[in-house]
Structures are given as C-alpha cells and as structure tokens.
Amino acid sequence: GQSLEQPSEVTAVEGAIVQINCTYQTSGFYGLSWYQQHDGGAPTFLSYNALDGLEETGRFSSFLSRSDSYGYLLLQELQMKDSASYFCAVRARPGANNLFFGTGTRLTVIP
Amino acid sequence: DTGVSQDPRHKITKRGQNVTFRCDPISEHNRLYWYRQTLGQGPEFLTYFQNEAQLEKSRLLSDRFSAERPKGSFSTLEIQRTEQGDSAMYLCASSLSLAGSSYNEQFFGPGTRLTVL
C-alpha cells in the first residue's frame with residue numbers, strides 16, 4: 001500500500017518562513033510533487049523532485065531525501081494569499097504519471 | 001484558470017440515479033486523469049488515459065463507474081446507480097507526455113462537486 005504523512009495544520013506569520021514535511025511509504029518511488037489548493041479551487045502544481053536535494057522556484061523550495069523517504073516544502077516571505085492546503089504526492093511507478101496524494105496540510109497565514 | 005474545464009461544476013442527484021461528467025483537457029495534452037477528492041483528503045486516483053486508451057484503473061473504480069475518452073480529446077466519467085458514498089469532488093487533470101521525459105506536470109480542472117441525496 002501507499003501512505004504519505006503530512007501535518008494536518010500549520011499556522012505562520014506573514015513574512016515568515018514555514019516548512020511542511022512529508023514522509024512516504026510506497027511500493028515504488030519515482031518522484032515527489034507538491035500541489036497547492038485554495039478552498040474551492042483546483043490543485044495547482046508547485047514543484048517536483050526526482051533526485052535528492054533542493055529545488056528552488058521563487059519563494060517556494062522543495063527538498064527530497066530518498067534514503068529517508070522524506071521531503072519538505074519551504075515557503076519563504078509568506079503572504080496572506082499563501083493560506084491554502086498543500087499536498088505532497090508520490091509518483092509510484094515508472095512510465096505512469098498517476099499520483100498518490102497525502103492528506104494535505106492546511107496552512108494559515110496570520111498578520 | 002489552468003485551461004482544463006469540467007462540466008457541470010455542481011451536480012445534485014438522488015441515490016440510484018446515473019450521472020455523467022465531462023472534462024475538456026488542454027488541447028495538446030495526450031494524458032487525462034480522473035481523481036476523486038472528499039473533504040479534508042487529498043485527491044485519490046481513479047483512472048487515466050493516454051490518448052483514447054484507458055491505461056489504468058484504480059481498484060477504487062467500481063463497476064458502477066465508467067470512463068471514456070473517444071478520439072483522445074474530451075473525456076466523460078459516468079456513475080451508475082449512485083450511492084451516498086459517491087458524494088465527492090471529481091477532478092480531472094491533463095498532462096503532455098513526451099517520449100524520453102520522466103515527468104509531466106498535471107494541470108487540474110476546477111472539479112465537479114457531486115452530492116448524492
């Protein structure tokens with residue numbers, strides 16, 4: 001089976017930095033993605049890691065350690081609009097692109 | 001707006017009725033996925049197509065569910081004899097898969113929210 005664990009809720013102050021962790025147990029692993037979803041909205045792609053290390057895209061960075069089955073999403077210079085749910089998702093098989101999603105972390109940014 | 005559209009956005013039906021949802025992917029995308037999402041959970045994979053071929057179905061997809069993608073463009077998801085447990089958001093996503101590429105970002109539509117009374 002597949003399982004992905006994330007904290008259910010995180011609260012952070014505007015302008016601060018927040019890290020959302022994801023640990024996974026899957027039958028296979030071919031990459032970890034992060035998606036953002038605002039209430040009532042569609043998930044939107046943030047980043048993807050197939051190899052160990054840090055990927056940076058603007059204010060968002062994502063890290064992967066395959067040996068630890070662990071990754072995180074780092075959000076810097078938090079803005080109120082970053083309040084949303086964040087999902088990690090694993091691509092568990094090669095050649096297929098269907099994703100297994102975690103249960104999500106609800107981030108609340110406060111003034 | 002990601003370019004993926006779904007119709008209808010909301011559907012309320014009575015238990016036992018059949019419902020059909022439509023997804024229009026980004027036009028050049030060859031892969032199309034269906035997911036289901038319930039409140040407080042992440043999306044759960046249901047099925048995906050490469051062009052018109054349905055390549056994988058989750059065991060979540062009971063025989064009451066059927067999906068098609070005729071001509072490799074839009075897709076429909078039909079649920080027969082709906083049950084209250086089918087109430088969820090049904091999300092469609094599309095991606096462009098190229099030979100030799102290892103990952104293709106998925107673009108999600110706004111979803112169809114189904115309520116079964």
Side-chain angles (χ1 to χ4, degrees), chain A residues 1-9 20 22-24 26-51 55 57 60 62 64 66 73 84-107, chain B residues 1-6 9-10 23-26 29-50 53-61 67 88-113:
Chain A
Q2 330 284 353
S3 75
L4 289 86
E5 292 191 8
Q6 306 177 231
S8 57
E9 295 182 349
I20 299 173
C22 174
T23 56
Y24 58 87
T26 56
S27 53
F29 180 83
Y30 294 88
L32 184 72
S33 301
W34 288 91
Y35 281 77
Q36 178 192 61
Q37 186 177 31
H38 287 96
D39 286 347
T44 55
F45 173 80
L46 293 177
S47 71
Y48 173 72
N49 296 70
L51 302 176
E55 294 283 341
T57 309
F60 295 168
S62 59
L64 175 66
R66 288 173 296 170
L73 179 70
S85 292
Y86 292 83
F87 296 92
C88 59
V90 165
R91 182 167 162 246
R93 296 198 312 284
N97 227 19
N98 43 301
L99 299 171
F100 293 94
F101 283 81
T103 52
T105 299
R106 186 170 188 87
L107 171 65
Chain B
D1 184 0
T2 62
V4 179
S5 61
Q6 293 186 243
R9 295 291 307 276
H10 302 273
C23 171
D24 286 89
I26 294 171
H29 283 186
N30 52 1
R31 286 192 174 176
L32 187 148
Y33 311 80
W34 285 98
Y35 292 85
R36 180 173 65 189
Q37 185 176 26
T38 54
L39 198 62
Q41 300 296 313
E44 295 175 295
F45 168 75
L46 294 177
T47 187
Y48 92 95
F49 293 83
Q50 171 112 356
Q54 188 173 19
L55 296 188
E56 185 171 352
K57 292 193 290 186
S58 163
R59 61 180 181 276
L60 292 175
L61 210 66
M89 177 75 84
Y90 289 84
L91 294 164
C92 172
S94 69
S95 70
L96 178 62
S97 173
L98 300 173
S101 68
S102 63
Y103 179 74
N104 322 114
E105 174 186 343
Q106 293 186 27
F107 295 81
F108 281 81
T112 295
R113 181 167 295 284

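Below, chain A is the first sequence line, B the second, and so on; all start at residue 1.
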Residue B:Gln37 versus chain A: region with a heavy atom under 4.5 Å: side chain
Per-residue contact mode, A:Gln37 against chain B (heavy atom under 4.5 angstrom): side chain
Gap separating the OH atom of A:Tyr48 from the CD atom of B:Gln106, nearest 0.5 angstrom: 11.0 Å
Region of B:Pro110 that comes under 4.5 Å of a non-hydrogen atom in chain A: backbone
Least distance between heavy atoms, A:Ala42 atom then B:Phe108 atom: CB-O, 3.8 Å
Flag side-chain contact, heavy atom, 4.5 Å: B:Tyr35 against A:Leu99: yes
